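All remarks here apply to the structure that follows.
The figures that follow rest on heavy atoms only: side chains count, while hydrogens, waters and symmetry mates do not. As the structure lists them, so they are numbered: ligands from 1, and atoms in each ligand from 1. Since the structure is predicted, the reported quantities are computational estimates derived from the model, not experimental observations.
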Amino acid sequence: MDKPPPPKPPLLPLLCSQLSLQHRVNEVTLTSAFLSWRDVETRPKRTSGSIYGPLKAAGSHYVPVCEIISVQETEEDCPNTDVGKWQKVPHNPAESNQHAFTVSYVERTPKHRWRCSEVTLHCTDRTLCLQWVQAIREQLSLLTIRPKRLLVYINPYGGKHRGKRIYEQKVAPIFSRASISTDVIVTERANHARDHLKTEADLKKYDGLVCVGGDGMFSEIMHGLISRTQRDSGVDQDRSDETLIPCGLRIGIIPAGSTDCVCYATVGSNDPVTSALHIVVGDSQPMDVCSIHHNNTFLRYSVSLLGYGFYGDVLTDSERKRWMGPARYDISGVKTFLSHRYYEGTISFLPADENVGTPRDKLQCRAGCNICRLPTADKQVYKDKESGSDTETDGAWQVIRGKFLAINAACMSCACPRSPKGLAPSAHLADGTADLILVRKCTRFDFLRHLLRHTNKDDQFDHPFVEVYRVRQFRFTPRYEDGDSELELREAGGSGHARFFSQICREHPACTCSLAHSSWNCDGEILPHAAIQVRVHCQLIKLFARGIEEQSVFEEPYALGAM
Ligand SMILES: CCCCCCCCCCCCC/C=C/[C@@H](O)[C@H](COP(=O)(O)O)NC(=O)CCCCC
Ligand SMILES: Nc1ncnc2c1ncn2[C@@H]1O[C@H](COP(=O)(O)OP(=O)(O)O)[C@@H](O)[C@H]1O
Ligand SMILES: [Ca+2]
């Protein structure tokens, strides 16, 4: 039988004083868990305020210490009429207590957005004020998970080209308030960040990396960090059966791209301030990563969408329209939908164990997810039976052949503003599996119904032409070998006519005949091969995030008896 948890020690006040807040006397208390204040001039009400502000119960406000961003003695600038210059004076001369300190803390607002809020408390003398500042700082210094030094990469061309401005105006001031020092690199070319991380960066100097950009930029940084970690540990990425070494540094994502699904699916919004605050409080979210090989050559890693057919064709078309910014995906999406191409091939996959659920579970991965917290042994990345290596499971490979409009795999939900529940709504961030979604050839109307369900609450898998599997590994082989589209023509008769019509079909996307190959869209990059082997590596990287919080995390006031 499990032992009962040890009793929690009572949280003794470290400091408790009567301080003034907006001219009213408040009892202010600091424990190792909370900073709280309570207006002692009014009779306590039952509960008050919005669910998003500091936790309020019976007129008291509670801010968890782990959500305090900073504390500083408060001085306010006001004009000195004698010299026409600005000078520092105590915060509010009208206040009877002239010494004050300001605490900045995380405040939750709707749609999973976090904001930086402040409370200024006035003291009767400076000694008391400094005592408060010091006591709060001491508590903050115990939060060793918080980063102190970060290496920031900014893609100035991602999304709407606003990365640099977003960082300078919204993020840098928060880092500076939280006393985080940064080295900032504005990239000058594609793969600049990846190459810098792989070969040059002195990673020992940093507690984390920050990516300002979209999913493509995140992918660059992830590749740089994973490759560097494997090289430093003597692991050969080209071997598809290698056990990869998890990366030590966490990555923070400041969304400034076109899709931003890695940020959205791990934080719950694509808001730069929210992401900056998750970095400041030192959140940590492990994440699965797929490795993709062609024969025994490593191609790429993927965390979000690995899509063949529809999403591969959307990406290929959209790359020519980069100048349009994020709208390129909408235009190419419609164009690709109209072309209605399908592709033939074989998928073999190794299903995951039942204890990690299925892609159609109602339960979704949320902060503190129980499935992602299962002991690693229960989520072990099983080895390939067919390869003859050590087998730790009875799981057998399954094989599916057919004509597909889309073959998608996702290690995580891929929720994004275009599709708030995502491509794989029940996929888990850190369970060692990916959800494999096969969309078989169907009518345009049915495919449209399927696509539209990504944008509303209906189940996009509830169609007879859609199959979903939770897998640890899979392979895809196109019916015709890479570069062998001539075969298709020979099968179709091999005549000059067939070649002629095939050419017409390529040039007229409205034609629904089969082409030999699509491309794989790998987190927004096109892969050079159609035949690939994919394997999920459980919790290979970590982000400065915590998963999407359930509303109830901040709806319920903290159990006051425990304080
Ligand atoms: C005709 C109605 C179509 C509605 C379809 C809505 C489906 C949306 C699913 C979105 C899944 C997004 C998965 C994320 C992929 C990104 O990794 C990738 C690169 O992002 P970035 O670097 O930020 O540019 N984005 C895409 O491949 C865009 C796919 C958009 C498809 C319409
Ligand atoms: N300075 C740069 N110039 C051109 N391309 C860059 C630069 N820095 C990064 N990139 C590349 O830009 C691509 C898209 O970046 P991303 O930030 O994901 O924007 P988007 O979401 O709009 O695609 C990535 O593949 C990345 O490698
Ligand atoms: Ca997963």
Q. Against heavy atoms of G216, which atoms of ligand 1 measure under 4.0 Å?
A. 22 (O)
Q) Just wondering, more than 12 heavy atoms not from F337 lying within 6.0 Å of its CZ? A) yes
Q. Which of the atoms in ligand 2, numbered in the order shown and given with their element, are less than 4.0 Å from a heavy-atom of G216?
A. 18 (O), 24 (C)
(Q) In this structure, does ligand 2 have an atom that sits under 4.0 Å from one of the heavy atoms of R194? (A) no
**Q.** Sub-4.0 Å atoms of ligand 2 with respect to non-hydrogen atoms of G213
**A.** 17 (O)
**Q.** Contact (N/O only, under 3.5 Å) between G159 and ligand 2
**A.** yes
Q) By number and element, which atoms of ligand 2 are closer than 4.0 Å to a non-hydrogen atom of D215? A) 18 (O)
Q: Would you kindly check if the NZ (Lys) or CZ (Arg) of R300 is within the cone defined by 45 degrees around the ring axis of W520 and under 6.0 Å from the six-membered ring centre?
A: no
**Q.** Carboxylate-amine/guanidinium proximity below 4.0 Å for D330 and R418
**A.** yes
Q.
Nearest non-hydrogen contact with atom 14 (C) of ligand 2 belongs to which option: E525, R322, E188?
A. R322
**Q.** Atoms in ligand 2 with a heavy atom of G257 nearer than 4.0 Å
**A.** 21 (O)
Q) Can you count the protein N, O or S atoms that lie less than 3.0 Å from the Ca ion (ligand 3)? A) 5
(Q) Give me the residue, atom name and distance of the protein heavy atom closest to atom 8 (C) of ligand 1. (A) S419 CB, 3.8 Å
Q. In the protein, what heavy atom is nearest to atom 5 (N) of ligand 2, and what distance, to one decimal place, separates them?
A. A190 N, 3.7 Å
Q) What protein heavy atom is closest to atom 17 (O) of ligand 1, reported as residue, atom name and distance in Å? A) S304 OG, 3.1 Å
Q) Under a 4.0 Å N-O cut-off, is there an ion pair linking R449 with D446? A) yes
Q: With heavy atoms of E220 as the reference, note each atom of ligand 2 found under 4.0 Å away.
A: 9 (C), 10 (N), 11 (C), 26 (C), 27 (O)
Q. Who's the nearest protein heavy-atom neighbour of atom 3 (N) of ligand 2, and how far?
A. Y157 CD1, 3.2 Å
Q: Identify, for atom 23 (O) of ligand 1, the protein heavy atom at the shortest distance, and state residue, atom and that distance.
A: T259 N, 2.9 Å
**Q.** Test of ring centre spacing under 6.0 Å for Y153 and H192
**A.** no
Q. Which distance, rounded to the nearest 0.5 Å, do you find between the CG of L151 and the CD1 of I251?
A. 11.0 Å
Q: Using a strict 4.0 Å threshold on nitrogen-to-oxygen distance, state whether E220 and R194 make a salt bridge.
A: no
**Q.** G524 near ligand 2 by a heavy-atom separation under 4.0 Å
**A.** no
Q. Which one holds for D330 and ligand 1: side chain close, backbone close, both close, or neither close, with close meaning a heavy atom under 4.0 Å?
A. neither
Q: Look at ligand 2 and say whether R189 reaches it with a heavy atom at a distance under 4.0 Å.
A: yes
**Q.** Side-chain H-bond candidate by donor/acceptor type, D232 with T229, under 3.5 Å
**A.** no
Q. What is the nearest protein non-hydrogen atom to atom 6 (C) of ligand 1, stated with its residue, atom name and distance?
A. H454 CB, 4.1 Å
Q.
Check for me whether the distance between the ring centres of F544 and H278 falls short of 6.0 Å.
A. no
Q.
Checking a contact table here: which protein heavy atom is nearest atom 19 (O) of ligand 2, and how many Å away?
A. G158 CA, 3.3 Å
Q: I would like to know whether F404 and Y308 meet ring-ring contact (aromatic ring centres under 6.0 Å, His included); could you show each step before the answer?
A: CA-CA 9 Å; F404 303 99; Y308 188 80; 9.1 Å; no
Q. Which protein heavy atom lies closest to atom 21 (O) of ligand 2, and at what distance to 0.1 Å?
A. S258 N, 2.7 Å
**Q.** Pairing of D195 and R189 as salt bridge, 4.0 angstrom limit
**A.** yes
Q) So, does H454 use its side chain to make a donor-acceptor pair with the main chain of L451 at under 3.5 Å? A) yes
Q: Among all protein heavy atoms, pick the one closest to atom 16 (C) of ligand 1 and tell me residue, atom and distance.
A: D215 OD2, 3.3 Å
Q: Can you sort out which atoms of ligand 1 are near R328, meaning under 4.0 Å from one of its heavy atoms?
A: 24 (O)
Q. Does any N or O atom in L315 lie less than 3.5 angstrom from one in ligand 1, N or O only?
A. no
Q) What residues, two or more places apart in sequence or in another chain, satisfy side-chain contact (heavy atoms from CB on, under 4.5 Å) together with S176? A) none
Q: Tell me yes or no: between the side chains of E467 and Y469, is some donor less than 3.5 Å from an acceptor?
A: yes
Q: Please confirm whether S258 comes under 4.0 Å of ligand 1, counting heavy atoms of the residue only.
A: yes
Q. Who's the nearest protein heavy-atom neighbour of atom 15 (C) of ligand 1, and how far?
A. L305 CB, 3.9 Å
Q.
Heavy atoms only, cut-off 4.0 Å: how does M217 contact ligand 2, side chain, backbone, both, or neither?
A. both
Q) Given the side-chain rings of Y301 and H223, with only the six-membered ring counted for Trp, is the space between their centroids under 6.0 Å? A) yes
(Q) Under 4.0 Å between a side-chain nitrogen and a carboxylate oxygen: does that hold for D317 and K335? (A) yes
Q: Please verify whether a non-hydrogen atom of R328 lies at under 4.0 Å from ligand 2.
A: yes
Q) Hey, looking at atom 10 (N) of ligand 2, which of N155, L315, I154 has the closest heavy atom? A) N155
Q: Mark yes or no for whether N270, through its side chain, and D260, through its backbone, hold a donor-acceptor pair below 3.5 Å.
A: no
Q.
Among L423, N155, V262, which one puts a heavy atom closest to atom 11 (C) of ligand 1?
A. L423
Q | Numbered atoms of ligand 1 (with element) below 4.0 Å of G524, judged on heavy atoms | A | 17 (O), 18 (C), 19 (C)
Q) Does a side-chain N-to-carboxylate-O contact under 4.0 Å join R360 and D459? A) yes
Q) Relative to the heavy atoms of D523, which atoms of ligand 1 are at a distance of less than 4.0 Å? A) 17 (O), 19 (C)
Q. Can you tell me if D236 uses its side chain to pair, donor with acceptor, with the backbone of D238 under 3.5 Å?
A. yes
Q: Select the closest option to atom 16 (P) of ligand 2 among G214, G325, C211, judged by heavy-atom distance.
A: G214
Q. Is a donor on one side and an acceptor on the other found under 3.5 Å between the side chain of D435 and the backbone of C411?
A. no
Q) Is it the side chain (CB and beyond), the backbone, both or neither of E319 that lies under 4.0 Å from ligand 2, heavy atoms counted? A) neither
**Q.** Protein heavy-atom partner closest to atom 9 (C) of ligand 1 - residue, atom, separation in Å
**A.** Y311 OH, 3.7 Å
Q.
Assess whether a salt bridge exists between D183 and R149, defined as any Lys/Arg side-chain N lying under 4.0 Å from an Asp/Glu carboxylate O.
A. yes
Q: Could you list the atoms of ligand 1 found under 4.0 angstrom from a heavy atom of C261?
A: 14 (C)
Q. Among V186, T187, T259, which one has a heavy atom closest to atom 1 (N) of ligand 2?
A. T187
Q | atom 10 (C) of ligand 1: nearest protein contact (heavy atom, Å) | A | C416 SG, 4.0 Å
Q | Side-chain ion pair, R366 and E549, N-O less than 4.0 Å | A | no
**Q.** Distance-only donor-acceptor check, side chains Q460 and K421, under 3.5 Å
**A.** yes
Q: Would you mind listing which atoms of ligand 1 come within a distance below 4.0 Å of any non-hydrogen atom of D260?
A: 23 (O)
